[in-house]
Amino acid sequence: MTKDIREDIAWAKINQDVLKSLETPRPAYWVILAVALSVFGVGLGCEIYQYQMGMGVSNLDNPHAWALYIGSFIFWIGMSHSGTLLSAILHIMHADWRKPIYRFAEAMTTFSLITAALFVAVHLGRVWQIYYALPYPNERWAWPNWQSPLLWDAMAVFTYLSSSMIFLYVGMIPDLAICRDNMHSGWRKKLYTLMALGWEGTDRQWRNFRMTYLTVACFLIPLAVSVHSIVSTDFAVSQQPGMHVTSFPPYFVAGALYSGCAAIISLFIILRYVFRFEEYMTLPILRKVVRLTFAIAMVWTYLNCVEFAATWYGHDPAEKAVLVQKAIGPYAPFFWTMIFCGSVVPFAMMVKKWQTSIPIMFAVSLLLNLGMFLERWMIISPTLSHDYWPWQWDHNQWPSMIQWGIVFGSFGFFVTLFMVFCKVFPSVSMYEVKEMVYHRSLHSKKAESAAPEGFVAEELAVKGAN
Amino acid sequence: MGVANLLENWSKFRHTHPVDDHGHEDWMAYPTDIKWAMAIDLDACIGCNACSVACYAENNLPVVGKDKYSHGAAMHWMRIERYWDENEGEGDFSAEQGARFLPMLCQQCDAAPCETVCPVGATNHTEDGLNSQIYNRCIGSRYCLVNCPYKVRYFNWYDYPSTKDVWPSPMEQQLNPDLSVRGKGVMEKCTFCKQRTYTARNDAKTQGREVRDSDVMTACQESCPTGAITFGNLFNAESQVAMKWKAQQVKLDTDKQAKDENPDNGLRGYHVLEWLRPYPSVMYMERVRETEI
Amino acid sequence: MSKRYLLALYNNFEEAEQVVRELRTSSIQGFNAADDMVIKSPIEHPEVEEFIGPKPVKVQWFTLFGATLIGSLGFLWVASTQANFFSQMKGGKPIVPIPPDMVLTYEFFILGGVYITVLGFLVCAGLPARRSPLYSAKVSEDQIGIMVKAEEGATTALKGIFAKHKALEIQEEVGR
Amino acid sequence: MTENDFNRRDFLKVLGWGGTAVALSGCGNTSIQNGKEIITSFVTPPDYVIPSVANYFNTTCAQCSAGCDIMGRVREGRVLKAEGNPHSPINYGKMCGLGQAGVQNHYNPDRVTKPMLAGKEVTWDQALAAINDKLGGVKGEQVAFLTGDISGHPRVLLDNYLEALGSKNHFSYEAASPAVLRAANKKAYGVEMPRYRIDKARVVVSFGADFLGAWITPVHFAQMYARFRKGTRPEGRGVLVQFEPKMTLTGANADRWVGIRPGTEGVMALGLINALGAYGLHIPSDIAAAVKEYTPERVSLDTGVPFEQINKVAKILKERSPSLILAGDAAEGYAHGLQNALAIAMLNQVLGNIGKTVEAPASVPFPQLAPAVGNRASLVAFNKGLADGKYKVVFTYGANPVYSAPAALKFQDNFRKADFKVAFAHYMDETAQAADLVLPLASAMEDWATVVPEYTAVPEGGNSETYVHMSFRQPMMEKLYPDTRGIGDMLLALLKQRQPDTYKGFDDFYSYLHGAILKNKVALGSKASDDDDVFWNATVSKGIVPLSGHANKVSGKLTAADLKLPPTTGADIAYPLRLIPTVSASIRDGRNANEPWLQESPDPLTTVVWDSWVEINPKTAAKLGIKEGDIIEITSRSGSIKTQAYLFPGIHPDAIAVPVGYGHQGMGRYANSIGANVYSMLDPVFDDKTGDLAFNETNVKIAQSGERVILVKDEGAAGGSQAHMRIAVQWPVDRVDYSKEV
């Protein structure tokens, strides 16, 4: 038999295992979903109240015109980036270990972008007029102001969101075909049939599919980079000390990938458990993601140092004042927590034993994301509390429970969407896992002995573990 | 059509006005050559707050009350800032030479940081050189406030018209019908009393003459007990403000004034935060103190 | 005269490859290997293109077209809207500022690229489409399918070749 | 019109022209008829009312006693804003924040709108009947009338009413007034309120006179100050030196603010005289002898001012003449306040400023119209009368004694002793609450009146010998509340109860005023032949009626004998700090506390809003471990209050300052229990000579209550720091080339 590959997973079994995830997850799934929904409910309540009363109830004020809303906006956009990293960049690099996990990473991209877009609305003082920001032709010849970084944001986020949605969908078509073939009746059958577009896996379809997937991937990489550098211009283009920083675009992109990878680790662990994906989301893959995350963490740390050093030696008193403010002012606790979570905690990922330890990595990934959330906040509030105009300095501002509520709600919103997606669509790419095992079997057939020893050892160890 | 318009006027649209000290000659949007500007003599300002109260009366500013004031929701378009002489060491102030008062209002910058960042173009440059704020267009992203180095833009954090004790009957009868009362979620700021300047401009236009100083006063200027505030058309060489700017050799579009070039030339005109190059339309004249005493 | 469809399922690509090679070399009356043969596989398998013979891919032309067109249109649109509302000018800034427009043009460029590429994919891959009568769910699972279209007379010969290579199963159906 | 000489004079008194030769013109009563026509509300508006176009009507500001001439901006029958009247010699078209807030006094939601008898709403007839009935049972001297500053025809009617009742008990009470200064001026210059020509002076040395903030007529003085500061005037830029324990707005604008130990202003003045002598200024020998002991060393010991500073001031006074020396609240608020003021006045005398920068004002030709200026001594007298049960029926108008009387005077209890208390009230303030009958006042923007300011300013080209003027107050719009009445109307109604025949001709105060003005139009600058209506309309629309007053003389009348100062006392051990109640430019004595614009406009120096505060010198605070926002309990021998601490560099370490005017109970939604009432804790110490309540004679001790709040103020976290940026820049005068300025 030619299917006797070392990874002795029969293709049919792959189908069964993954399709199972659409049927009966562990009870934990329902718990998570319930919690997420209730958290989202809280956020929704807060938002409705704020809508009624005005932005004041969020404790924003003059000069603290921005705070957690913009911070969360950036945070969620940032989280989206690693999906692209895994699906696009690693795809082009032919890193085949990405295949079992890129699907949910991409879903994460899409949903975190949607969550981010939500904050644009939450943040506006007159959200009911939000359509003024759309370039629709009108009698007054009034168009949005294309010079505003906020509009660049909107454009970039829209492009990114739609593109990655398309990318997610296109990459999912063959799997949708599989679902279609294995579902027997009901609305899902209809849904899959519709979405599979009559995919048959003919050579013609596969040919064009490969080219399309590659092209879109190539577009997504510069797009992802542009998106977060554009988001960084919200601050870099402004005039305020502590925001007007040249190194922001790369800094933001690094931060984005960072928080994204951290999020992937968390979700990886959750999905692995609730959908019993132990055999696909294997620990060696986790290890690879962890190593990647660590590398990015170091890049981020480096860029942080660059920013601080530039400020310090730049001798712009106002900039310096803001930096000092961050370090010893009222925001110091958060600033140092951010440094700790962002630059110290990652070293836990250097310990080989811990790299594959589910609980430790889960904790670490959550800490990393906490750090990244604080980072976004620390870009906004310290500056606004201590900008150019001493008369308006305000060190007593603190987000109200309403503001916090909406921020927490956004997490509920994201998790809800994500969990529903994973239940309705295959969160592991079946056809690509098949490719993976197929190519590995070919590879190991060609050079029985040439298989990397370490890899074998790991794989065995994993088998033992499972 | 847009593209034709664009091609034919490409160079014209890269206009230098209003950064320039003169109106743009081929700028058709200029009925008259008007550039509103102000000069504030800090040596005359006694910090009495009359201008601020006059602004409340003229521009329908809401009184937000203690609690909201403590949350930075004060709406004073015109605020008096009080600074002390500083000795060495943080917060060690000296009152020997009194306090320094600075009336702070929207500087109507000609290269305004707030204008470029508004996503919907709710704040723009008017043809008479003001930094306008279109309440109807504003969606409340508050980017302009974040980017304003003077923090002179004020956001309606609440719906003041419907808030208790802001305009309880019959106080609403005092509201000035010449301008709107802003609702929640809108950014607002000093307009150099647009309702007054526009009337003056139109009157002058109908009479086919230039705007004169006698035509218009801002509310703050009108009330100022020491006449520390001068306001008028910078392009009209006879106007008080133009003469003051000229006397102080203050330029609109520089980040360094004559008095900085040469400290001994006896001048005292400057712009606040001019090194950020927002090119403010308000000239301040330094406070003077006796050396003999 | 009516055509007939045959679908043979195989366990793996090796067997399928041999069948294809034989079919291509064999000169069966009423069967043209170049046009009348379709390989169906559960995974993307580049080698297929080698043994099935040259078939061009045209998606990238859509990409080029879409990216450049939408990109330039995007710029013109932005620039002309700006030129149109000089009533909303920004102090100290040109009415049509190049740097911001470049940022937007860049985004338009990518937007057009992605959208039109996917459009191209649907066009080139002939999707969405009704599935062919001889579709087998096995293909989406783990088997390789070879579907041929031939004259009445050629079917027996084709079946022979399929069987020779131990086809797991051969389906036949009258074409429309 | 009768020819009987007595009746004639009598009639003149009724109209307010008593005590002077008046050329009576025509028979006035026809014009009264006109009056009625004019004030009937229009079905079709007059042709000058164009929708969306504002009309401006001249009137007089009623927010304080300075009597600034203002214009009301009226649109569609509503007054929207107050602007200054450009033709006014007082305010030259300018206004202060307090004046601007007048419209909020008018549109205030907390106004009294109906007569209230014992807390129940009654009609006017019932109310007047009640008064009549109460008055029936009492003798004239058992009736007393407490008012604030009052002048013009309302005062005429008031005096006539009291005379009709046979009462001499008119007490004019102002919680914050320069009463001691008036006495001192009378003694030193021969006039109570001379004209201070700040604009003419080259140096102004002010002993706590807050002439830019709350002193006498601030807007006028601000105008003078602006001229005084102009480097372009021939005398060059004036120099302002301020001696005061707590920095006032004026002190904040001084070239040199000298924090002097409370109560030692007189010592400083004598020390300056002594020092001036040392600089070679001619000082009469007796005076020189009297001040000999005040050597710079001793003075600096007593006042805590370094003697180099004293010499510097003396030097500049010697070199730059004319100068002007002012004595303000801070100097006069002591038991020896008068001596202080006299010592300071002596400085003007020896510097020869009298007649140069201290000018003689003309006095009002019609004494009945002259302002009855308020002081605190009258409150004391009124209180004593109440305590002795002398007054059975009392009226209060324009004063709020229940609120502003120190608790030590037990005024509230004494006030209760009167059987029937009538309050002419705008708000339900403390006094109105304590009254039996509350009569709702029309606002100053709904009412007719004439006003004669105490401080007579002369316009350019006016004859400074004789110029006096009377200002008109006319309604800007229909009454907001039909049941409110102007003070004139009320007094007229009361007079009609007493002397129906004399006043039957006057339907209301308007017709009275109209008739009175027309009766005397020649004296008011018109020709007898002029048409009455033309004259009347012209006069009212001008708003300012120049009168040719009686010239006065000023001269230095002080002798060495007047320069007696008590020895400076050491610190009080039990109560180590000196409490200085400050009168802020906006809230003033508290009568305007219910105008939200004033509550929300930050105090110029501390920028605190919507609350009272206590200013503490950072050194003192450091000693006691007090931080900003600590709730401080301030205790005097007569009471205690709690309020928030503000560390203030502009105050003497031995002193703390709390603004008056806060801590109302009632009055209205914006004033009610905002801050603490510092009046209540003042010690009952009085000026030895004038008997005026000494404001600054209260010693206190302070302690943290343990509570801590975040101060609600405009100032940011940086305090007064500019964070090393060039924001509010200061420049030495010798670096400024005024020849270049316009």
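All chains are named by letter (A, B, ...) in the order of the sequence lines, taking the proteins before the strands, and each is independently numbered beginning at 1.
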Tell me which of these, [options], has more heavy-atom pairs under 4.5 Å with chain B than the rest.
| options | result |
| --- | --- |
| W391(A), Y388(A), Y69(A) | W391(A) |
| N59(A), I130(A), D394(A) | N59(A) |
| Q147(A), H123(A), Q129(A) | H123(A) |
| G56(A), G54(A), A133(A) | G56(A) |

**Item:** Toward chain A: residues of residues 139-149 of chain B with heavy atoms under 4.5 Å
**Value:**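 Within residues 139-149 of chain B, the residues under 4.5 Å from chain A are I139(B), G140(B), S141(B), R142(B), Y143(B), L145(B), V146(B), N147(B), C148(B), P149(B).
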[X], part contacting chain B, at a heavy-atom distance under 4.5 Å:
| X | result |
| --- | --- |
| I70(A) | neither |
| Q50(A) | neither |
| F235(A) | backbone |
| S400(A) | neither |
| Q240(A) | both |
| V120(A) | neither |
| L384(A) | side chain |

- Message: Tell me whether the NZ or CZ atom of K189(B) lies within the 45° cone about the ring axis of W77(B) and under 6.0 Å from its centre.
- Response: no
Cation-pi check, R137(B) to Y132(A): give yes when NZ or CZ is under 6.0 Å from the six-membered ring centre and within 45° of the ring axis, no otherwise.
->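 Pair R137(B)/Y132(A) counts as cation-pi.
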(Q) Do I379(A) and F248(A) make a side-chain contact, defined as non-hydrogen atoms from C-beta onward lying under 4.5 Å apart? (A)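 In short, these two side chains touch, coming nearer than 4.5 Å.
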Can you see which heavy atom on R277(B) is nearest to which on D255(B), and at what distance?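 Residues R277(B) and D255(B), closest heavy atoms: NE-OD2, 2.9 Å.
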Counting heavy-atom pairs under 4.5 Å with chain A, which one of [options] comes out on top?
| options | result |
| --- | --- |
| R82(B), K68(B), E115(B) | R82(B) |
| E81(B), K151(B), K184(B) | E81(B) |
| L273(B), N156(B), D159(B) | L273(B) |
| L102(B), V272(B), N136(B), T163(B) | N136(B) |

- Walk me through it: do Y160(A) and H81(A) pass the test ring pair (Phe, Tyr, Trp, His ring centres under 6.0 Å)? CA-CA 10 Å; Y160(A) 191 33; H81(A) 277 53; 5.4 Å; yes
Problem - Whether Y51(A) and W128(A) hold their rings parallel, tilted or perpendicular, with breakpoints at 30° and 60° - result: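 The arrangement is perpendicular - the two ring planes meet at more than 60°.
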query = Which word best sums up how the rings of H76(B) and Y154(B) line up, parallel for under 30°, tilted for 30 to 60°, or perpendicular for over 60°?
reply =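 Perpendicular.
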Quiz item: Going by atom types alone, do Q97(B) and S94(B) pair a side-chain donor with an acceptor below 3.5 Å?
Solution: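 On atom types as modelled, these side chains do not qualify, holding no pair under 3.5 Å.
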Q | Modelled atom types, side-chain donor and acceptor of E274(B) and Q257(B), under 3.5 Å | A | yes
field: Aromatic ring proximity F335(A)/F308(A), centre distance under 6.0 Å
entry: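 Yes.
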So, W398(A) versus F334(A), ring centres under 6.0 angstrom or not?
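Yes: the rings meet the under 6.0 Å criterion.
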(message) Pair N131(B), H125(B) - check side-chain hydrogen bond (donor to acceptor under 3.5 Å, both in side chains), show working.
(response) CA-CA 5 Å; N131(B) 170 242; H125(B) 223 73; 5.0 Å; no
With a 4.5 angstrom heavy-atom cut-off, is it the side chain or the backbone of F155(B) that approaches chain A, or both, or neither?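 Answer is side chain: those atoms of F155(B) sit under 4.5 Å from chain A.
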Report which part of M104(B) has an atom under 4.5 Å of a heavy atom belonging to chain A: side chain, backbone, both, or neither.
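Just the side chain, heavy atoms under 4.5 Å.
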Would Y160(B) and V63(B) satisfy side-chain contact (heavy atoms from CB on, under 4.5 Å), going step by step from the backbone distance to the final call? CA-CA 8 Å; Y160(B) 291 112; V63(B) 168; over 6 Å; no
Test side-chain contact (heavy atoms from CB on, under 4.5 Å) on L150(A) and D234(A); report intermediate values, then the result. CA-CA 6 Å; L150(A) 287 183; D234(A) 287 357; 3.9 Å; yes
